[in-house]
Amino acid sequence: MRIPINEVTPAIPSAEVCGWVHEVRDLGGLAFLLVRDRTGIIQVTIPKKKVPEPVLAALKSVSRESVVRVTGAVKAMEKAPGGRELVPESLVIVSLAETPLPLDVSEKVPAELDTRLDARFLDVRRPRVAAVFEIRSAAMHAIHQYFHHEGFTAITTPKIVAAATEGGTELFPIAYFDKEAFLNQSPQLYKQMMMAAGCEKVYEIGPIFRAEEHNTTKHLNEATSIDIEVSFADHTDVMRILEEIIVKAYAYVYRSCPDQLANLEIADFAVPKAPFPRLPYAEAIEIAKKGIDEPIKYGDDISPAAERAIGAEMGGHYFIVDWPSEIRPYYAMHYENDPSICKAFDLMHPRMELSSGAQREHRYDKLVQQISQKGLNPESFEFYLRPFRYGMPPHAGWGLGAERLVMTMLGLSNVREAVLFPRDMHRLVP
RNA sequence: GCCCAGGUAGUGUAGUGGCCUAUCAUGAUUGCCUGUCACGCAAUCGACUCGGAUUCGAAUUCCGACCUGGGCGCCA
């Protein structure tokens, strides 16, 4: 019966472990085989004169990263990693690895991201890489758990859609039988439709697709979006949910992933404290003006340089609120007393934007008016507008980029590090 | 889409016109070694992205292609 390597202790007389050959050190009459599974590494010590012949034969032909099954006596040994070692009665090569390897799993020699992604299955064998995805899994678990606890309904919406209803970003066209179709850029419109469906609180965690030809460390053409929509709520209500989720995700990772954080050499992992500051857009622009050389004025989008300058000033997570209506989508609700600004917000990490959201305009006539004001034709929005004519409650929501959350949480330099198989302009395989 | 920097053994690198029969590390192969833990030692193997041009001579200069990294733009 195979047991995980981290459960092998001198308290048990013998053990069977399965894993990958991390390293072989042959000293002549004595050899050491380091075997690794997802729980850890154990030293298999082979005194050549004392072990059966098949063990010696396997030792001679085994290569690094081959899969082996080892059965033997567990011995306490100060000098061995973990204070114990395994002396094999049996060593079986389950799957022999080819040589040489496409990259060095033991990390003596670094590998570039491109090389690593080409051999991602080997890359993820490295504990520090596996740690990223274990932490991502833990963070997502905490988020799912929060939503269920708070009475949200998990939904899934189509990723194959007929048309771009939001405008803005480029869509990937696909062949859908004899029709033209696209991969969805956002579940936004479907979430809103579920408000008209009376679901009140919905969330979806799923892929979104953007056909932008961007070439940066923080953009992906396929990303994971954490999306919510809540009825009878305004933007301030959903901002509270958002900051709470960020805190819960960090706190759960801090609690449940100490080994993974250690693997990543993150000693100062800090759980952020809610509430996050609410910084009005107008004030954000003033901070940016002081922090950067390039000209920036009220009404401009916030450039990456401006984001960094404001982020340095704020020091932690913060919201930018009260955006000019002009630079937000048509569906954001304008303030009654000042329609030039709207109830939209971005959640920022000092490094970059994590999330954006808003209270949506739920009144049909206002919405049609705002679509027209953006220079768009309301007639082409019929699919979107129809639910607003049959009893649409007030509602608000946001979308949060899962990869950016993990990237900023762990200080990763490239968002591709937070995705197993990233899709960007140049990468479609594996 | 624009701009910048690159492409040298399996991996990561050094090499800015001849000193290159190309450096170093790691790796692979073989041998020696009974306490290694980046084991050690010895020998061997393995590379200038592709095409064209300049030149007596090109890894090195120029042109084109392909590929990669990054910045900007674009981006709920």
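The structure presented is a predicted model; accordingly, all values stated were derived computationally and were not measured. Quick note: numbers below take in every heavy atom, side chains included, and nothing from hydrogens, waters or symmetry partners. Letters A, B, ... mirror the listed sequences (proteins, then strands); counts begin at 1.
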Distance-only donor-acceptor check, side chains A:Gln359 and A:His395, under 3.5 Å |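 No, no side-chain donor-acceptor pair sits under 3.5 Å.
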Donor on one side chain, acceptor on other, A:Glu286 and A:Tyr298, under 3.5 Å =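 Distance-only check fails for A:Glu286 and A:Tyr298.
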Once side-chain hydrogen bond (donor to acceptor under 3.5 Å, both in side chains) is applied, what residue pairs with a partner in [range] remain, sequence neighbours excluded?
range	result
residues 12-21 of chain A	A:Glu16-A:Arg69
residues 406-422 of chain A	A:Arg116-A:Glu417, A:Asn414-A:Arg416, A:Arg416-A:Asp424
residues 87-106 of chain A	A:Arg64-A:Asp104, A:Asp104-A:Ser106

Does a side-chain N or O of [X] approach OP1 or OP2 of [N] to a distance below 4.0 Å, or not?
X	N	value
A:Arg64	B:rA28	yes
A:Ser355	B:rA76	no
A:His426	B:rU68	yes

Reckon [X] touches a base, only the sugar-phosphate, or nothing at all at heavy-atom distances under 4.0 Å?
X	value
A:Arg308	sugar-phosphate
A:Ser303	sugar-phosphate
A:Ile208	base
A:Thr217	sugar-phosphate

Starting from C1' on B:rU68, measure out to CG on A:Asn414 and report it in whole angstrom.
->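 A:Asn414 atom CG is separated from B:rU68 atom C1' by 13 Å.
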Tell me whether the centres of the aromatic rings in A:His235 and A:Phe345 are closer together than 6.0 Å.
->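 No, ring centres 6.0 Å or more apart.
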Check RNA chain B against residues 65-83 of chain A and give the residues with a non-hydrogen atom under 4.0 Å, in numerical order.
->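 Hits under 4.0 Å, by residue number: A:Met77, A:Lys79, A:Ala80, A:Pro81.
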Close residues, residues 124-132 of chain A, relative to RNA chain B [heavy-atom separation under 4.0 Å] |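 Residues of residues 124-132 of chain A that come under 4.0 Å of RNA chain B do not exist, since none gets that close.
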Distance, C1' atom - from B:rG6 to B:rG18, rounded to whole angstrom |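 My reading of the C1' atoms in B:rG18 and B:rG6 gives 26 Å.
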Nucleotides 11-14 of chain B: which of its N/O atoms have a protein N/O under 3.5 Å away?
from, atom 1, to, atom 2, distance (Å)
B:rU11, O2', A:Pro110, O, 2.9
B:rG12, OP1, A:Glu112, N, 3.0
B:rG12, OP1, A:Thr115, OG1, 2.7
B:rG12, O4', A:Pro110, O, 3.1

Under the salt bridge (charged side-chain N to carboxylate O under 4.0 Å, His left out) definition, can you give me all pairs with a residue in [range], not counting sequence neighbours?
range	result
residues 320-334 of chain A	A:Arg328-A:Asp346
residues 225-244 of chain A	A:Lys191-A:Asp227, A:Lys191-A:Glu229, A:Glu229-A:Arg360, A:Asp237-A:Arg240, A:Glu243-A:Arg278
residues 72-82 of chain A	none

For RNA chain B, the dot-bracket notation using Watson-Crick and G-U wobble pairs below 3.5 Å, [ ] for pseudoknot-type crossings and | for other-strand pairs, is (((((((..(((.....[.....)))((((((.......))))))...(((((..]....))))))))))))....
For A:Arg351, which residues count as a salt bridge (charged side-chain N to carboxylate O under 4.0 Å, His left out) partner, sequence neighbours excluded?
->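 Residues passing salt bridge (charged side-chain N to carboxylate O under 4.0 Å, His left out) with A:Arg351: none at all.
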Collect all protein-nucleotide pairs involving nucleotides 2-8 of chain B in which both atoms are nitrogen or oxygen and the distance is under 3.5 Å.
none

